[in-house]
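Here's the structure, in structure tokens; my notes come after.
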Amino acid sequence: MNDIDLEKARFDFYQKGYLIIPFYNSLYMKEFIDFLSKEVNKFFLGNLNNWVRTYDGSYDITFDNKFVELIKENNLDNLVCSLTNKDYFLADAKLRMWCPGKRYQRWHRDTYFENDIKLIGRTPPNINIFFYPRLNKESTVQLHLIERSQRRDFDNKVFDFIQSFFGKKVSITSSDENFIIFDSSILHGLPYRFLYFKPFKNKKMFSFKNSYPRLIFRFCTSHNLSNYNRGKNKNNINYPSIK
């Protein structure tokens, strides 16, 4: 378990909907960050051998063994279960570079009501762990969220709109030491500067001004594993979940 006061962390996570926590194994993280830096540099040089274009123009790397190793070395799977008092399992693991063509990353929840009658997303909501490495660059804001909004989900979307303006906004900055863990039903979104893109000269890739990669881990409960497909590797083999 990470070196934290677990009872206090449970209380804070339930109340606020998120926690910012330092990695448990700092020695391992130095090696892992070096790996991330090399892969990101390849991306910006146009080497897409390890990258797959996925949702809305983003590019993903799914090095399963490497990412699962990070989870185990930092006890992230046990942390998710301990904070929630539920059995959660790894549902998704990827390194992502965003190149979207639309502004869907503005304020949203991953689990929510649609038209007051239909529930969208997974219940219980997924627990997300995002890591925004600094990679020896200036630390910048990478994500916004509205504290406690996971406990204030109204049928009328006007109230969500009001929350995004008047709720307590928390800004998550890039860091090589910390990660954020959050309830995916919380209101969250990207800074506006990430919503614009320009093509590279070869027109095969996109670049963000002052953008950074994100490492995404999503955890779901057991009954959601069957409909949360982690995808397949380049040998067309399904990625296993951590159980």
Side-chain angles (χ1 to χ4, degrees), residues 2 21-81 88-100 105 110 126-137 142-143 172 174-182 184 190 194 200 204-208 211-220 224-243:
N2 297 65
I21 301 177
F23 285 104
Y24 178 75
N25 191 334
S26 58
L27 185 62
Y28 173 81
M29 290 308 298
K30 291 180 181 179
E31 173 189 335
F32 187 81
I33 289 169
D34 181 62
F35 152 75
L36 290 183
S37 182
K38 290 177 181 177
E39 293 301 328
V40 170
N41 286 339
K42 290 177 185 177
F43 177 87
F44 284 121
L45 289 173
N47 182 348
L48 300 182
N49 290 339
N50 293 325
W51 297 83
V52 177
R53 189 166 187 174
T54 54
Y55 181 71
D56 198 32
S58 63
Y59 288 82
D60 294 346
I61 283 181
T62 52
F63 284 151
D64 201 62
N65 291 339
K66 194 72 175 179
F67 296 155
V68 170
E69 185 179 66
L70 179 143
I71 291 170
K72 291 298 186 182
E73 287 289 339
N74 290 280
N75 299 317
L76 300 183
D77 50 336
N78 292 327
L79 175 65
V80 172
C81 296
Y88 273 88
F89 306 99
L90 182 65
D92 195 16
K94 65 188 65 170
L95 174 64
R96 169 161 288 181
M97 299 292 289
W98 277 107
C99 304
Q105 304 103 319
D110 293 350
N126 290 347
I127 303 299
N128 291 345
I129 291 179
F130 284 5
F131 171 43
Y132 299 95
R134 191 168 63 86
L135 301 181
N136 297 318
K137 297 181 180 180
Q142 300 296 311
L143 179 72
I172 308 303
S174 52
S175 167
D176 288 346
E177 292 79 34
N178 302 322
F179 62 90
I180 179 172
I181 178 170
F182 63 97
S184 66
L190 292 179
F194 286 169
F200 275 84
K204 292 181 180 179
M205 298 171 57
F206 296 89
S207 172
F208 290 114
S211 67
Y212 290 82
R214 69 166 70 174
L215 186 62
I216 298 171
F217 295 133
R218 293 189 176 99
F219 291 81
C220 70
N224 281 323
L225 280 174
S226 60
N227 58 29
Y228 204 126
N229 181 13
R230 289 193 61 207
K232 300 181 179 181
N233 63 20
K234 292 191 174 183
N235 295 319
N236 205 36
I237 298 174
N238 286 320
Y239 291 127
S241 294
I242 294 179
K243 298 184 178 182

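For clarity, every value in this text was computed on a predicted model and none was experimentally measured.
Residues Val40 and Pro133 fail the side-chain proximity criterion, which asks for heavy atoms closer than 4.5 Å. Using a 4.5 Å heavy-atom threshold, the side chains of Ile172 and Gln142 count as separate.
Remark: Ile216 CD1 to Leu95 CG distance equals 8.5 Å, nearest 0.5 Å. Annotation: the span from Asn75 atom CG to Tyr24 atom OH amounts to 6.5 Å, rounded to 0.5 Å. A distance of 6.5 Å separates CG of Leu190 from CG of Leu143, quoted to the nearest 0.5 Å. Interatomic distance, Ser175 OG to Leu135 CG, rounded to the nearest 0.5 Å: 11.0 Å. Rounding to the nearest 0.5 angstrom, the gap separating the CD1 atom in Ile71 from the CG atom in Leu79 is 11.5 Å. Rounding to the nearest 0.5 Å places CZ of Arg218 at 12.5 Å from CD1 of Ile127.
Nearest heavy-atom pair across Thr62 and Phe67 is CA-CE1, 4.0 Å. Glu73 and Asn25 make their closest contact through OE1-ND2, 2.8 Å (heavy atoms, listed as atom of the first residue, atom of the second, distance). Of all the heavy atoms in Trp51 and Asn47, the pair that sits closest is CD1-O, 3.7 Å. Nearest heavy-atom pair across Leu70 and Leu76 is CD2-CD1, 3.7 Å. Between Met97 and Pro213, the closest heavy-atom pair is SD-CB, 3.2 Å. In plain terms, the two heavy atoms of Met29 and Asn74 that are nearest each other are SD-ND2, 3.6 Å.
Ion pairing between Lys30 and Asp34 fails under the 4.0 Å rule for side-chain N and carboxylate O.
The closest donor-acceptor contact from the side chain of Asp77 to the backbone of Lys72 lies at 3.5 Å or more, if one exists at all.
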Exercise for the section: Please assess Phe32 against Glu69 for the test side-chain contact (heavy atoms from CB on, under 4.5 Å), listing each intermediate value before the final yes or no. Expected result: CA-CA 10 Å; Phe32 187 81; Glu69 185 179 66; over 6 Å; no

Exercise for review: Evaluate the criterion salt bridge (charged side-chain N to carboxylate O under 4.0 Å, His left out) for residue pair Glu39 and Lys42; output intermediate values, then yes/no.
Suggested key: CA-CA 5 Å; Glu39 293 301 328; Lys42 290 177 185 177; 3.5 Å; yes

- Check against ring-ring contact (aromatic ring centres under 6.0 Å, His included), Phe131 and Phe23: CA-CA 10 Å; Phe131 171 43; Phe23 285 104; 4.9 Å; yes

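Residues satisfying the salt bridge (Lys or Arg N to Asp or Glu O under 4.0 Å) criterion with Glu31, sequence neighbours excluded, are Lys66. Considering only residues two or more places apart in sequence or on other chains, Asp60 meets the side-chain contact (heavy atoms from CB on, under 4.5 Å) condition with Thr54, Ser58, Lys94, Arg96.
The aromatic rings of Phe35 and Phe63 lie tilted to each other, with the angle between the two planes from 30° to 60°. The aromatic rings of Phe130 and Tyr132 sit perpendicular, their planes meeting at an angle over 60°, well past the 30° parallel limit.
The environment of CG in Asn136 is sparse: at most 12 heavy-atom neighbours from other residues, nucleotides or ligands sit within 6.0 Å.
Side chain to side chain, Asn126 and Asn128 fail the donor-acceptor criterion of an N or O pair below 3.5 Å.
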